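Written out below as structure tokens is the structure these notes cover.
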Amino acid sequence: LKADMVEKKTLDIFGRALGVAFIILLAFTLSACKGKEKAAEQATKPAAEIALPFKLTTFDGKAFSLEAMKGKAVVVNFFASWCGPCKLEAPALERAYQTFKGVGVEFIGVAVDDTDEGAKGFIKEFKLSFPAGRDASGEIMKSYNLYGVPKTYIIGKDGSVSYSHSGVITEEILMKEIRKVL
């Protein structure tokens with residue numbers, strides 16, 4: 001009887017060890033498959049997303065065309081005068097503009113869901129000196145599937161979106177991402 005119990009315990013321990021070994025083997029197999037899937041996904045990953053072209057009349061009456069900016073890096077910032085987070089990031093955008101103006105980087109502010117007066121007041125309050133205009137028809141906002149502000153895009157010289165950021169963008173992130181496209 002005692003020998004039977006020892007044999008049963010041994011078989012029980014062996015069965016558990018075999019079960020654990022099976023689970024570990026299964027986990028390795030699944031992770032290897034996942035790694036191959038990820039590699040295949042990266043290999044077939046589509047080319048960088050091209051920024052959708054848009055035209056805008058800036059508040060100083062000049063025409064802005066994103067398409068005409070090819071060959072330059074562009075920072076596109078969507079904002080609204082009533083947007084609290086937009087107010088937080090405005091100084092960082094202005095400092096980045098001052099740092100990179102004249103070295104192949106263009107900035108454009110696009111006021112959305114706003115009035116001309118509100119957007120102009122915002123620009124004056126934060127002493128923004130880069131060009132800005134209002135998306136009066138909402139077409140730019142729709143084409144960029146914009147559901148909230150602030151939203152910032154960094155567009156490379158080839159016209160592709162290098163980086164996009166929803167919410168308050170910090171000066172550190174902005175500077176780092178702009179340098180990547182120079």
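All figures in this text were calculated on a predicted structure; none of them were measured in a lab. Computed over heavy atoms, backbone and side chain alike; hydrogens, waters and symmetry mates excluded. Throughout, residue positions are numbered sequentially from 1 according to the sequence presented.
The two atoms that bring K151 and G148 nearest to each other are CB-O, 4.1 Å, heavy atoms only. In plain terms, the two heavy atoms of E94 and S129 that are nearest each other are OE2-OG, 2.6 Å. V168 and H165 get closest at one heavy-atom pair: O-NE2, 3.0 Å. S143 and L52 make their closest contact through O-CD1, 2.9 Å (heavy atoms, listed as atom of the first residue, atom of the second, distance). Among all heavy-atom pairs drawn from I169 and E89, the shortest one is N-OE1, 2.9 Å. The shortest heavy-atom contact between D116 and R134 is OD1-NE, 2.7 Å.
When the side chains of ILVMFWY residues are joined at heavy-atom separations under 4.5 Å, either directly or via intervening members, I154 and L128 end up in a single hydrophobic cluster. The cluster map of Ile, Leu, Val, Met, Phe, Trp and Tyr, joined by side-chain heavy atoms under 4.5 Å apart, puts M69 and V76 in the same cluster. Linking ILVMFWY residues whenever their side-chain heavy atoms come closer than 4.5 Å, directly or via other members, leaves I155 and F100 in distinct clusters. Hydrophobic clustering keeps Y163 apart from V161 (ILVMFWY residues linked when any side-chain heavy atoms are closer than 4.5 Å, directly or through intermediates). I123 and L56 sit in two unconnected hydrophobic clusters of ILVMFWY residues. Membership requires side-chain heavy atoms under 4.5 Å apart, directly or through other members.
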Tell me which donor-acceptor pairs under 3.5 Å the side chains of residues 174-182 have, and how far apart each pair is, sequence neighbours excluded?
unit_1, atom_1, unit_2, atom_2, d
E177, OE2, K180, NZ, 3.2

Sequence neighbours excluded and cut-off under 3.5 Å, please list the side-chain donor-acceptor pairs for residues 101-112, or say none.
unit_1, atom_1, unit_2, atom_2, d
K101, NZ, Q98, OE1, 3.3
E106, OE2, K72, NZ, 3.3

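No side-chain donor-acceptor contact under 3.5 Å links W82 to the backbone of G118. Judged purely by atom type and a 3.5 angstrom limit, T57 has no side-chain atom pairing as donor or acceptor with the backbone of G61. Of the possible polar contacts, one joining the D114 side chain to the S81 backbone as a donor-acceptor pair under 3.5 Å is found. A distance-only check finds no donor-acceptor pair linking the side chain of S160 to the backbone of G156 [under 3.5 Å].
Note on ring orientation: taking the six-membered ring where Trp is involved, the planes of F54 and F78 are tilted (angle from 30° to 60°).
Put simply, CZ on F64 and NZ on K55 are 11.5 Å apart, with the number rounded to the nearest 0.5 Å. Rounded to the nearest 0.5 angstrom, Y147 OH and K142 NZ are separated by 11.0 Å. With rounding to the nearest 0.5 angstrom, the CG atom of L88 is 8.0 Å from the CZ atom of F126. To the nearest 0.5 Å, atoms OG1 (T152) and CD1 (I173) are separated by 10.0 Å.
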Inset, instruction - Evaluate side chain to side chain contact (heavy atoms under 4.5 Å, CB included) for F130 paired with L93, printing each intermediate quantity in order. - result: CA-CA 9 Å; F130 55 87; L93 285 159; 4.1 Å; yes
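Residues S65 and P53 have side chains not in contact (no heavy-atom distance under 4.5 Å, counting atoms from C-beta outward).
Electrostatic pairing of E117 and K120 does not count as a salt bridge here, judged by no charged N lying under 4.0 Å from a carboxylate O.
Within a 6.0 Å radius of CD in E125, other residues, nucleotides and ligands contribute more than 12 heavy atoms.
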